[in-house]
Q: 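Sending over a structure as structure tokens; questions will come in a sec.
Since the model is a prediction, treat every value here as computed from it, not as a measurement.
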Amino acid sequence: MVGTDGYDTRRQVRGARAVVLGFLGTLLVGRAVDAVGHGDSWYVLFVVALFVLPTWFASGVAREPWYRLRWWLLGAQAVLTYLPFALFGNGWVGGISGLLAGLVLLTVPAPASWVVFGALAVVEEVVWLGFVGPPYTPAVHAGLWLLIAFADNGLALFGLTWLAELVRQVASTRDELAAAAVTRQRLAVAERLRSMIGERVRTVTDRATAAREALPDRRDIARAEIEAAGVTAREMLAEARGIAAESDERIGARQETDVVLAPRLATGVLLAVLVLFAAQNAANVALPGESGYPVGTLVLAVLTGGAVTGLQLRHSGIGREEHPPAWRWTFAAQAVLTYVQYPLLGPAGLAFAGFLAGSALLLFPDRTRWVWFGAIVASMPALILLVPGGSPPEELPRWTGYATATAVAFGLLVYGLAWLTRLAVRMAALREELAELAAVRERLRLARDTHDLLGLGLSAMALKTDLVMALIGRDDAQARCELDDLLWLCAKAGDDARLVATEDLRLSFTSELGLAFDILTSSGIAVRLPERLPSAPKDVDGVLAMVVREAVTNILRHSAALHCTITLVVVDGTLRLRIGNDGVLEEAHGGGSGLANLRTRVGVADGRFTARRAGREFEVVAELPYQSAKDAL
């Protein structure tokens with residue numbers, strides 16, 4: 001879906017999903033490679049099975065059962081999580097239980113989800129250390145690693161999937177927010193018109209009725225009522241012209257709480273994962289088993305972990321669009337810190353390589369970022385194979401595949417947390433801009449329709465009061481007839497005020513011609529109408545009706561015309577409406593919002609609008625593509 005702003009939201013949502021699925025896919029590859037060395041096909045099948053439900057939820061495809069059968073699906077994931085412990089004992093994959101914890105965070109409301117997450121972490125330690133035994137010794141080191149792997153997998157699944165879902169929700173509600181902003185504008189104007197037009201129309205109606213009842217015996221009362229009605233009609237006309245142009249600041253819901261919290265959540269997840277990796281890195285030195293490391297190496301591991309954590313947070317810039325200053329130098333520093341431990345710790349010293357790869361995706365331009373990412377990932381198997389350290393030769397291929405896939409996964413995690421947060425915030429801001437734009441467009445439409453639709457009726461009401469005032473005492477019978485017309489105009493003004501706030505304004509050209517004839521002739525203007533009316537589609541017919549209404553309003557307000565000619569002909573596939581009069585005043589001008597509105601309306605219908613003055617002659621011409629209503633069916 002590409003919006004009118006040119007922003008391909010569907011592609012962005014697909015990209016968000018791809019990051020999550022890429023993380024899960026590479027994590028699965030790493031665990032599957034490690035599982036192959038176990039030599040049991042059921043072992044590999046259980047590893048793959050554990051990724052099925054998390055991948056299903058993260059993909060966003062057919063997710064409805066998750067809302068109806070959430071506890072059953074979580075129960076199924078729990079069975080797949082804990083059954084392998086009974087089958088494979090302490091030979092099972094460490095940390096993979098975190099996928100269950102991640103699903104809990106995604107499907108169970110907070111804060112209960114975090115309580116369950118903590119409880120599952122305790123269960124993880126109890127099962128490993130209390131029942132099946134640690135996967136290696138010393139137990140303290142193994143217990144720490146198991147807890148870190150559990151938390152990393154759970155938090156990563158939760159953070160990436162939650163952000164991807166947020167991107168989808170923001171994208172999917174873009175049009176809804178714009179529609180809501182338009183509706184608020186419409187309701188606000190409708191309420192203002194109802195209160196202002198409705199009350200004053202009732203006032204004019206009551207006074208016109210009182211004047212009619214007072215004639216012919218109480219002419220002084222009739223004059224007073226009509227004079228007051230005329231004042232009210234003119235006040236109503238003046239206020240109606242500006243009512244819809246007023247700004248409505250209540251566009252409504254700014255960015256939702258989830259969008260506002262996205263940077264904090266992403267930063268929290270990333271910080272937690274980085275701190276856990278730094279703790280594991282320090283544990284690799286502090287709890288090495290029987291082969292000790294110098295104190296200096298421990299200090300180096302701790303300092304390196306802290307420095308990499310700080311640099312990674314700086315490079316990720318969660319929620320920030322621009323790169324940090326001197327990022328090339330800080331990236332080089334992160335690279336040095338990533339590899340400096342390898343000569344001392346061997347493969348375990350590459351714990352932060354995945355984060356360096358994620359920084360490359362975030363910092364380098366599109367054309368080179370994946371080259372840098374690939375080079376950093378490729379450096380891991382190269383270093384492990386060239387300088388194997390203390391790993392047995394037969395274990396090198398499996399360890400290399402596991403470590404490389406894990407690095408890719410956590411590189412995507414770093415990139416995904418930052419990119420998805422930026423995308424969610426950017427799309428939320430774009431959605432707000434679109435809502436603002438939609439509201440502004442609706443205000444302009446309402447202002448235009450208020451001007452065009454109510455202008456003629458309210459102007460005619462004011463002129464009717466003047467005419468009645470002139471007739472009282474001179475021709476009371478005609479004055480009563482004009483009062484009947486005034487009462488009809490009051491009723492029509494109320495209907496027109498309600499019509500302004502509707503979504504699709506439709507007027508009838510034929511009806512507007514009849515109204516124009518009645519109003520102009522009652523004002524002493526001789527009117528010549530078209531002898532034949534070509535049929536036209538409703539949208540064109542509505543534009544023609546608006547041209548007639550605004551042109552007649554201008555004649556009443558800005559001219560001293562004695563004659564008005566309205567013609568409508570079809571020439572070479574073009575419908576040409578001309579409205580001319582012979583009484584343009586010296587102070588009158590061809591500008592104003594009324595003619596500008598008509599130019600806009602005709603232009604939207606692929607037509608052309610012109611207004612010309614020659615001496616005291618003035619005419620407006622609207623030319624529209626012609627297709628008969630019969631042909632349009």
Side-chain angles (χ1 to χ4, degrees), residues 13-35 43-85 92-110 113-114 116-121 123-124 146-168 265-266 269-270 272-273 276 354 402 405-406 408-417 420:
V13 171
R14 285 199 302 266
R17 297 287 190 212
V19 170
V20 185
L21 296 178
F23 168 80
L24 286 173
T26 51
L27 200 64
L28 171 59
V29 169
R31 300 303 182 269
V33 168
D34 181 62
Y43 190 101
V44 177
L45 287 175
F46 268 103
V47 170
V48 174
L50 268 172
F51 280 83
V52 171
L53 290 177
T55 302
W56 173 19
F57 188 90
S59 71
V61 176
R63 196 183 280 171
E64 194 273 337
W66 279 97
Y67 306 111
R68 292 187 297 104
L69 307 171
R70 174 180 59 192
W71 296 110
W72 287 100
L73 291 170
L74 288 176
Q77 183 71 15
V79 170
L80 292 172
T81 297
Y82 296 114
L83 180 59
F85 285 102
W92 182 234
V93 181
I96 202 170
S97 308
L99 296 176
L100 172 61
L103 282 177
V104 168
L105 291 179
L106 289 167
T107 59
V108 177
S113 58
W114 290 101
V116 177
F117 184 92
L120 290 174
V123 171
E124 180 78 356
L146 289 167
L147 187 61
I148 289 173
F150 170 90
D152 283 344
N153 291 333
L155 291 174
L157 172 63
F158 166 62
L160 289 178
T161 306
W162 185 85
L163 287 169
E165 180 64 16
L166 180 60
V167 169
R168 187 199 65 78
L265 180 135
V269 170
L270 179 59
V273 172
L276 291 172
Y402 171 81
T406 300
V408 173
F410 282 90
L412 291 175
L413 170 66
V414 168
Y415 172 66
L417 289 174
L420 289 175

Q: May I have the list of side-chain donor-acceptor pairs in residues 44-52 shorter than 3.5 Å, sequence neighbours left out?
A:
none

Q: Under the side-chain contact (heavy atoms from CB on, under 4.5 Å) rule, collect the residues that match up with Ala156, sequence neighbours excluded.
A: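 Partners of Ala156 by the side-chain contact (heavy atoms from CB on, under 4.5 Å) criterion, ordered by chain and then number, come out as Phe23, Leu413.
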Q: Taking the side chain as every heavy atom from C-beta outward, state whether Arg17 and Glu165 have any atom pair closer than 4.5 Å.
A: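 Yes, side chains in contact.
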Q: Check the pair Thr81, Leu99 against side chain to side chain contact (heavy atoms under 4.5 Å, CB included), reporting the backbone distance first and the verdict last.
A: CA-CA 9 Å; Thr81 297; Leu99 296 176; over 6 Å; no
Q: Show the nearest heavy-atom pair for residues Pro65 and Leu73, with the distance to one decimal.
A: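 What the structure gives for the nearest pair is O-CD1, 3.9 Å.
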Q: Give me the atom names and distance for the closest heavy-atom approach of Trp56 to Ser59.
A: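 Result for this residue pair: O-OG, 2.7 Å.
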Q: If every non-hydrogen atom of Phe117 is compared with every non-hydrogen atom of Ala151, which pair is closest and at what distance?
A: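 For Phe117 versus Ala151, the nearest heavy atoms are CZ-CA, 4.3 Å.
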Q: So, is the end of the Arg31 side chain (NZ or CZ) under 6.0 Å from the ring centre of Tyr402 and within 45° of the ring's axis?
A: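 Judged by the rule, Arg31 and Tyr402 form no cation-pi pair.
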Q: Does the side chain of Asn153 come within less than 4.5 Å of Leu157's, by heavy atoms?
A: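 Leu157 vs Asn153: side chains apart.
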Q: Taking all non-hydrogen atoms of both residues into account, name the closest pair between Ala16 and Ala164 and its distance.
A: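 Heavy atoms only, the tightest pair is O-CB, 3.8 Å.
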Q: Rounded to the nearest 0.5 Å, what's the gap from OG1 on Thr107 to CG on Leu74? Could you check?
A: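 So the OG1 of Thr107 and the CG of Leu74 are separated by 4.0 Å.
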Q: Side-chain contact test, heavy atoms from C-beta onward, threshold under 4.5 Å: evaluate it for Val20 versus Phe57 and give yes or no.
A: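 No. Closest side-chain heavy atoms not under 4.5 Å.
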Q: About how many Å separate CZ of Phe85 and CG of Leu83, when rounded to the nearest 0.5 Å?
A: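 The distance works out to 10.5 Å.
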Q: Got a sec, which residues hit side-chain contact (heavy atoms from CB on, under 4.5 Å) with Asp152, two or more places apart in sequence or on another chain?
A: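 Counting only residues at least two positions away or on another chain, Asp152 forms a side-chain contact (heavy atoms from CB on, under 4.5 Å) with Ile148, Val273, Leu276, Phe277, Phe410.
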Q: Within a strict 4.5 Å, meaning less than it, do heavy atoms of the Trp66 and Leu103 side chains meet?
A: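 Yes - at least one pair of side-chain heavy atoms lies under 4.5 Å apart.
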Q: Roughly how far, to the nearest 0.5 Å, is the CG atom of Leu105 from the OG1 atom of Thr161?
A: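 Spacing of OG1 (Thr161) from CG (Leu105) equals 10.5 Å.
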Q: Determine whether Gln77 and Pro54 make a side-chain contact, defined as any pair of heavy atoms from C-beta on separated by less than 4.5 Å.
A: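 Heavy-atom side-chain distance check passes, below 4.5 Å.
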Q: To check you understand the geometry: which heavy-atom pair defines the closest contact between Phe150 and Ala101, and what is its length?
A: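 That would be CZ-CB, 3.5 Å.
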Q: Among Leu160, Leu417, Leu24, exactly one meets side chain to side chain contact (heavy atoms under 4.5 Å, CB included) together with Val19. Which residue is that?
A: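 That would be Leu160.
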Q: Are any of the side-chain heavy atoms of Leu120 and Ser97 separated by less than 4.5 Å?
A: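 Heavy-atom side-chain distance check fails, nothing below 4.5 Å.
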Q: Using the ring centroid of each side chain, check whether Trp92 and Tyr82 are separated by less than 6.0 Å.
A: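 Ring centres of Tyr82 and Trp92 not closer than 6.0 Å.
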